[in-house]
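In what follows, chains carry the letters A, B, and so on, assigned in the order in which the sequence lines appear, proteins first and then strands, with residues in each chain numbered from 1.
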Amino acid sequence: MAGHNDEFQRLDARIFTPSFFVLLALTLIGFFLVGVRYVKGIGAVTNLSDGFPWGIWITYDVATGTAIACGGYAVAILVYIRNHMRYHPMIRSAVLTSMFGYGLAGASVMIDLGRPWNSYNFFLPSRWQGNSVMLEVALCVMAYSMVLAIEFLPALLSAMENSDWGPFQNFVNWLHPRLVSDRESLNTGKEWMRSAAAKIRPRLDKALIFIIALGITLPTMHQSSLGSMLLIASTKLHPLWHTAFLPLLFLINCIYIGYSIAILESIISSYAFNRPFEVRELSGLAGIVPWLSVIWLSVVVGDLVWRGQLHAALSLDFYSRFFLAEFLLVAVGSMILFNKRMRRTPRWLFVSAALIVLGGALYRFNVYLIGFDPGKGWRYFPSLAELMITVGIVSFEILGYQVLVKLLPVLPRMARRGSHARERGARLAGDAT
Amino acid sequence: MRRQSRRDFLKSVAVAGAGVLSCGAAAASSGPGKVNNEELGLLYDATRCVGCKACMASCKRVNAASGSLAYEHADWDKDELWDAPQDLSGSTRTVIKLYKESPTRWSYVQSSCMHCQKPACVSVCPVGAMTKDKTTGIVEYDKNACIGCRYCQVACSFTIPRFQWEKTIPQIVKCDLCKNTNLAQKGIPACAETCPAGALTFGKRKDLLADARQRLKESPDRYVNRIYGETEGGGTNHLYLAAYPFEKLGLPDLPPEAPAEFSEKIQHTIYKGFMAPVALYGTLCFVAVKNMKKQDTDEHPEKDAGKRRDE
């Protein structure tokens, strides 16, 4: 096996598990409803209205989903900017989740757009309207999705290089026996793929660090802009959340969500795939999270005091309760993580990271949906079909992750790390993702 | 070593925070934008409106082709003889509503696009489907550019732009002062042309304001002493006079600064000349490359095996 690859490994397990079929069923239901939406219009499947033109799709799939997909961003900052190379083994799975998260956020935007056939306008600079926050978000998110794909490429290339293409051959066999009769050309084809991958990878490795820097710049831009999006709704967004600090709050929010989700994801996949917990790496990550969330909480409180809205936060009405829920989830999660001993147990890591992700996500829900009040008479709660489309998209994401970690070297290699460490120094610079 | 790096990390976060903080402060300190009184608009006098809804009918008749403004039939009417839109919608650009305080005290109120001086819908549209004409000030919608993101709906303080939710190929629908229909042919929007009671006056904003002030002066006890739209939300070209507080007529109480002023200032401060993102990218590249080089040079195999991975 080539030296480049041994920090990561493929998970050796069956692909067609019971959970595979459950997720597949949910995905198919979601896709069917997407079909209905395209035939009958958005009104046929959603509870959206002129007062609530954005519902669960924008709030969850885009505004919250991309924050949850910030694992790749957060871990990249830690590894390449803070220079903590010991977190490097976590990066491929983080980037893979990010890729799915952003890809599917993009896909659900295409479901939500009323006139998607006009979206080519995003690629025509003559049509750009420079004042629009959404234009900035859209361009950044598209660019970042490309960047994520490039960042993930090394995993794909090394798999192509080292694979014997057995499953592929079986598949071709199954597809049509006649296709393999020309065994020789098939073998040359495989050889060609292998050598092409071997040629591209070192070249990619050299340029990759500049792509990674771009992969940190772009989320910094569009995550803060996701907060700027609601600045314009000055009369509709409840004063608890409408503040000039929205961009800053969204930026910090996505970073602590990013680390927390990297922790959750690692614990869940360790549990699900029956691998040892990466407690050492995780407790390191978990040491950063509370500091970030405490900064975030202080900005929130300081801003409320400055704008004289503290009474609104404590009035215990509908909005205040959602605000307090968001605040307490993040605060309690952070408090647990400040405790060094709890930080080293998978159970408490899981609980606290889950609390912080929930609280951070609730913040985005509050800004985009719950704190949004277009005036008397407007009401919104997502329809079943609308929810099922979102569930379908999330299922597809988990399904894809589950399958890809079994096909490509994504997860950190678990055994014999010490003996491999010898070679790692030399190749750290090269093997970026 | 961990402690040290955590402090560095916090420091960098604090610096980034201070940057955005100062942006926020800068944005909060400036005033509203300039108003152009040469633009075209409407003056609606609620005390003159008799609620005949002729404006609604003529609006639909005149604009039927351009905005596919189908007539709406009331749910309870099996014969489909009534055209009874209850609110603005994907097939209604203007609507007359009734505010009833008591059996003897009531007022009609018209609802349609306010044609803001600084429209939020124009400010947020990513592809320029909403535009404001430089000379006439008319806020217009272009279905050939629109991607249907509905950000204009989120942004509008008056909840004016409507979406055709039930259609497979939907559009945003809102008043454009008959720009390509009645205004182009007869020089006046259909609603103002049709109004039999003189409740809707069409003209330049400065003339409408002068007219409104004149009416307020002549019969002060007939009106609430205020011209709605003069300053609200940065000023609108659709102005209102009424006998009841405007909030009761469904018109929101807005500060004089346009919401778009506020949001654009923050966004433009962050992205001025694209300097901040470029500087960020440059710094990140520099730091990342330096870290890579350091990894390369100071990681000799013997040292590395012990330090890096000791499990």
**Q** About how many Å separate SG of C156(B) and NZ of K236(A), when rounded to the nearest 0.5 Å?
**A** 6.0 Å
**Q** Counting only non-hydrogen atoms closer than 4.5 Å, does Y271(B) touch chain A with its backbone (N, CA, C, O), its side chain (CB onward), both, or neither?
**A**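 Answer is side chain: those atoms of Y271(B) sit under 4.5 Å from chain A.
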**Q** Looking at S225(A), S126(A), A233(A), which has the largest count of heavy-atom pairs under 4.5 Å with chain B?
**A** S225(A)
**Q** Which heavy-atom pair separates Y281(B) from F210(A) by the least distance, and what is that distance?
**A**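 Smallest heavy-atom distance, with atoms named: OH-O, 2.9 Å.
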**Q** Could you tell me which of Q129(A), R37(A), K40(A) has the largest number of non-hydrogen atom pairs under 4.5 Å with chain B?
**A**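 Highest number of heavy-atom pairs under 4.5 Å: Q129(A).
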**Q** Can you tell me if R115(A) uses its side chain to pair, donor with acceptor, with the backbone of K143(B) under 3.5 Å?
**A**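 Yes: the side chain of R115(A) pairs with the backbone of K143(B).
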**Q** Hey, does V127(B) have a side-chain heavy atom less than 4.5 Å from the side chain of N118(A)?
**A** no
**Q** Quick check on the interface: out of L231(A), D50(A), T217(A), who has the most heavy-atom pairs with chain B under 4.5 Å?
**A** D50(A)
**Q** If you tally heavy-atom pairs under 4.5 Å against chain A, which of C146(B), G128(B), A260(B) wins?
**A** C146(B)
**Q** Given the options V299(A), I216(A), T46(A), N121(A), which has more heavy-atom pairs under 4.5 Å with chain B than any of the others?
**A**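 The answer is N121(A).
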**Q** Between Q267(B) and N131(A), is there a side-chain donor-acceptor contact under 3.5 Å, judged purely by atom types and distance?
**A**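 No, no side-chain donor-acceptor pair sits under 3.5 Å.
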**Q** What part of I169(B) is in contact with chain A, defined as an atom under 4.5 angstrom from a non-hydrogen atom: side chain, backbone, both or neither?
**A**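 When you check distances to chain A, atoms from both the backbone and side chain of I169(B) fall under 4.5 Å.
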**Q** To the closest 0.5 Å, what do you measure between OG (S132(A)) and CD (E264(B))?
**A**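 S132(A) OG to E264(B) CD: 9.5 Å, rounded to 0.5 Å.
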**Q** Can you tell me which of P53(A), S234(A), G51(A), G41(A) forms the most heavy-atom pairs within a distance under 4.5 Å of chain B?
**A**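 It is P53(A).
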**Q** Select one option (side chain, backbone, both, neither) describing which atoms of V39(A) are under 4.5 Å from chain B's heavy atoms.
**A**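 Backbone only.
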**Q** How long is the gap from OG on S224(A) to CD1 on I266(B), to the nearest 0.5 Å?
**A** 11.0 Å
**Q** Side chain, backbone, both or neither: which part of P170(B) has a heavy atom under 4.5 Å from chain A?
**A** both
**Q** Please flag which part of T235(A) lies under 4.5 Å from any non-hydrogen atom of chain B: side chain, backbone, both or neither.
**A**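 Only the side chain of T235(A) comes within 4.5 Å of chain B.
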**Q** Can you tell me how far CG of N47(A) sits from CH2 of W165(B), rounded to the nearest 0.5 angstrom?
**A**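 One gets 10.5 Å once the value is rounded to the nearest 0.5 Å.
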**Q** Picking from C285(B), P161(B), P255(B), G282(B), which has the most non-hydrogen pairs under 4.5 angstrom with chain A?
**A** C285(B)
**Q** Determine the minimum heavy-atom distance between T168(B) and W117(A), stating which atoms define it.
**A**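 Between these two residues, the closest heavy atoms are O-CH2, 4.3 Å.
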**Q** Give the minimum heavy-atom separation between A213(A) and L284(B), together with the two atoms involved.
**A**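 Closest approach of A213(A) to L284(B), heavy atoms only: O-CD1, 3.6 Å.
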**Q** Any non-hydrogen side-chain atom of V133(A) less than 4.5 Å from a side-chain atom of S263(B)?
**A**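 Result no, sub-4.5 Å side-chain heavy-atom pair not found.
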**Q** Are side-chain heavy atoms of M292(B) and M85(A) found at a separation under 4.5 Å?
**A** yes
**Q** For F286(B), look at atom CZ and say whether over 12 heavy atoms of other residues, nucleotides or ligands are found less than 6.0 Å away.
**A** no
**Q** Can you give me the closest heavy-atom contact between P277(B) and M221(A), atom names plus distance?
**A** CB-SD, 3.7 Å
**Q** Quick one: pull up OG1 in T159(B) and CZ in F52(A) and give me the separation to the nearest 0.5 Å.
**A**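 It comes to 10.0 Å.
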**Q** Check whether L48(A) gets within reach of chain B through its side chain, its backbone, both or neither, counting any heavy atom under 4.5 Å.
**A** both
**Q** Measure E166(B) against the heavy atoms of chain A and call it side chain, backbone, both or neither at under 4.5 Å.
**A**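 Backbone only.
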**Q** For residues I147(B) and L113(A), report the shortest heavy-atom separation together with the two atoms involved.
**A**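 Closest pair (atom of I147(B), atom of L113(A), distance): O-CB, 3.5 Å.
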**Q** Find the one option among S157(B), G233(B), P252(B), A145(B) whose heavy-atom pairs under 4.5 Å with chain A are most numerous.
**A**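 Of the candidates given, the most pairs with chain A belong to A145(B).
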**Q** Verify, without hydrogens or angle tests, whether D112(A) (side chain) and C149(B) (backbone) share a donor-acceptor contact under 3.5 angstrom.
**A** no
**Q** Using heavy-atom distances under 4.5 Å, tell me whether Y38(A) contacts chain B through its side chain, its backbone, both, or neither.
**A** backbone
